[in-house]
Amino acid sequence: MPVTDAARERAALCDEALRVGPDAPTLCEGWQVRDLMVHLVLRDGRPDVQLGAALPPLRERAQRVQDELAALPFEQLVDRVRSGPPGFNPTRLPVLDELVNRAEFYVHHEDVRRAGEGAAPRELPRGESAALWKLVRTIGRVAYRRSGTGVVLVVPGGPRVVVRRGPAAVSLTGQPQELLLHAFGRRPVAQVAVDGSPDAVARFLDAYPA
């Protein structure tokens with residue numbers, strides 16, 4: 001079975017989690033690394049718990065399951081993430097794994113890496129960067145729907161795409177992986193330049209502060 005980019009990011013995230021430890025910070029507000037690992041175990045195999053957390057009648061049960069996972073030895077919790085989704089989850093198929101998990105695990109890997117001091121952006125192989133560009137072109141259409149301006153994504157010396165039309169537009173310029181982080185709300189650490197008329201930039205930054 002081919003190893004997907006998503007699977008490689010999953011493994012690299014687990015390695016980084018073990019390196020920094022359960023109490024290290026992440027870019028996910030209020031979450032330490034242990035909390036992120038719990039989230040990923042639930043995402044892989046317990047959609048009922050994720051749904052229950054949003055429904056008051058089921059919230060107590062959902063919290064109990066989360067607490068039980070958080071109480072596991074950290075190495076065991078990371079192993080649960082590393083082993084991937086259970087057999088009934090269709091994302092065990094490589095094509096669905098790449099579709100559903102590629103962006104998720106890249107972003108969460110960076111959530112752990114860049115929460116530490118001095119973490120520089122990674123250089124990705126061209127094929128992986130191209131795959132992320134395909135994703136961000138789609139994600140950007142949803143991520144910037146509140147922009148109040150047009151939005152153009154630009155890769156320096158590479159492709160560009162309009163993800164939101166408007167009479168005035170801003171351009172977001174960066175490598176595909178940086179644009180992906182920006183679209184997922186990791187704007188303080190994403191190396192993305194926002195350009196356009198002063199009014200368009202002001203409106204965009206009002207909706208999406210850096």
Side-chain angles (χ1 to χ4, degrees), residues 2-10 12-13 26-29 31 36 39-40 43 47 50 54 90-91 93-115 119-210:
V3 177
T4 63
D5 289 341
R8 281 188 285 269
E9 285 294 329
R10 179 191 289 268
L13 166 59
T26 75
L27 298 180
C28 303
E29 186 175 358
W31 280 6
L36 177 56
H39 161 72
L40 292 172
R43 182 178 181 275
Q50 290 193 301
T91 61
L93 297 172
V95 65
L96 291 180
D97 182 35
E98 194 69 359
L99 179 66
V100 173
N101 289 326
R102 182 65 180 90
E104 178 87 3
F105 278 93
Y106 177 80
V107 171
H108 282 323
H109 186 185
E110 295 303 304
D111 282 337
V112 177
R113 287 186 69 253
R114 300 201 195 187
R122 285 181 288 153
E123 293 286 338
L124 296 184
R126 181 177 298 178
E128 291 185 36
S129 185
L132 292 181
W133 171 246
K134 291 179 181 179
L135 286 171
V136 78
R137 287 186 309 178
T138 301
I139 292 167
R141 300 182 194 283
V142 176
Y144 300 115
R145 64 188 181 279
R146 298 184 290 103
S147 64
T149 66
V151 179
V152 183
L153 305 182
V154 182
V155 177
R160 57 191 292 134
V161 64
V162 177
V163 295
R164 182 173 176 82
R165 299 190 179 277
V170 297
S171 62
L172 307 181
T173 304
Q175 295 302 318
Q177 54 268 35
E178 300 301 311
L179 293 169
L180 186 71
L181 290 173
H182 193 278
F184 269 84
R186 277 61 170 183
R187 292 179 289 277
V189 301
Q191 295 195 358
V192 170
V194 181
D195 298 298
S197 70
D199 179 65
V201 170
R203 276 187 285 156
F204 180 84
L205 292 179
D206 184 57
Y208 301 97

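What you see is a predicted model; the values in this text were computed from it and never measured. Hydrogens, waters and symmetry mates are skipped; everything else that's a heavy atom, side chains included, is used.
Nearest heavy-atom pair across Pro156 and Gly174 is CD-O, 3.5 Å. For Val154 against Ser171, the heavy-atom pair with the smallest separation is CG2-CB, 4.2 Å. Contact between Leu181 and Ala190 at its shortest, heavy atoms only, is CB-CB, 4.0 Å. The two residues Ala200 and Ala168 come nearest to each other via the heavy atoms CB-CB, 4.1 Å. Nearest heavy atoms, Ala103 versus Ile139: CB-CD1, 4.1 Å.
Taking CG of Asp206 as the start and CZ of Arg146 as the end, the distance is 10.0 Å to the nearest 0.5 Å. Residue Thr4 holds its OG1 atom at 10.0 Å from CZ of Phe105, rounded to the nearest 0.5 Å. Here CG of Leu179 is found 12.0 Å from CG of Leu135. Values are rounded to the nearest 0.5 Å. To the nearest 0.5 Å, the span separating CZ on Arg164 from CG on Leu153 amounts to 13.0 Å. Here Gln191 contributes atom CD and Thr173 contributes atom OG1; the two are 13.0 Å apart, rounded to the nearest 0.5 Å.
A 4.5 Å side-chain heavy-atom check between Arg141 and Val161 finds at least one atom pair inside the cut-off. Between Val155 and Arg160 there is no side-chain heavy-atom pair separated by less than 4.5 Å. Asn101 has its side chain out of reach of Glu9: every pair of non-hydrogen atoms, C-beta onward, lies at least 4.5 Å apart. Residues Asp111 and His108 form a side-chain contact, since some pair of their non-hydrogen atoms from C-beta on lies under 4.5 Å apart. The side-chain heavy atoms of Arg10 and Leu40, taken from C-beta on, include no pair separated by under 4.5 Å. Residues Leu172 and Val163 are not in side-chain contact: their nearest non-hydrogen atoms beyond the backbone lie 4.5 Å or more apart.
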*In sequence, state the C-alpha distance, the side-chain angles, and the governing distance for Asp195 and Val201, and then conclude on side chain to side chain contact (heavy atoms under 4.5 Å, CB included).*
CA-CA 7 Å; Asp195 298 298; Val201 170; 5.7 Å; no

*Please step through side chain to side chain contact (heavy atoms under 4.5 Å, CB included) for the pair Leu36 and His39, ending with a clear verdict.*
CA-CA 5 Å; Leu36 177 56; His39 161 72; 4.2 Å; yes

_side chain to side chain contact (heavy atoms under 4.5 Å, CB included) between Val100 and Arg43, worked out_ = CA-CA 11 Å; Val100 173; Arg43 182 178 181 275; 3.6 Å; yes

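When each of Arg187, Arg114, Arg186 is tested with Glu178 by the rule salt bridge (Lys or Arg N to Asp or Glu O under 4.0 Å), just one qualifies, namely Arg114.
Counting heavy-atom neighbours within 6.0 Å of Arg122 CZ, excluding the residue itself, gives a total above 12.
Looking only at distances, no side-chain donor or acceptor of Thr149 sits under 3.5 Å from a matching main-chain atom of Phe204. The backbone N or O of Val142 sits less than 3.5 Å from a side-chain atom of Arg145, completing a donor-acceptor pair. With hydrogens and angles ignored, the 3.5 Å screen pairs a side-chain donor or acceptor of Glu98 with a backbone N or O of Asp5. No donor-acceptor distance shorter than 3.5 angstrom exists from the side chain of Arg165 to the backbone of Val151, with no hydrogens or angles considered. A donor-acceptor distance shorter than 3.5 angstrom exists from the side chain of Arg8 to the backbone of Val3, with no hydrogens or angles considered.
The aromatic rings of Tyr208 and Tyr144 stand perpendicular to each other, their planes meeting at an angle above 60°, with 30° marking the opposite boundary.
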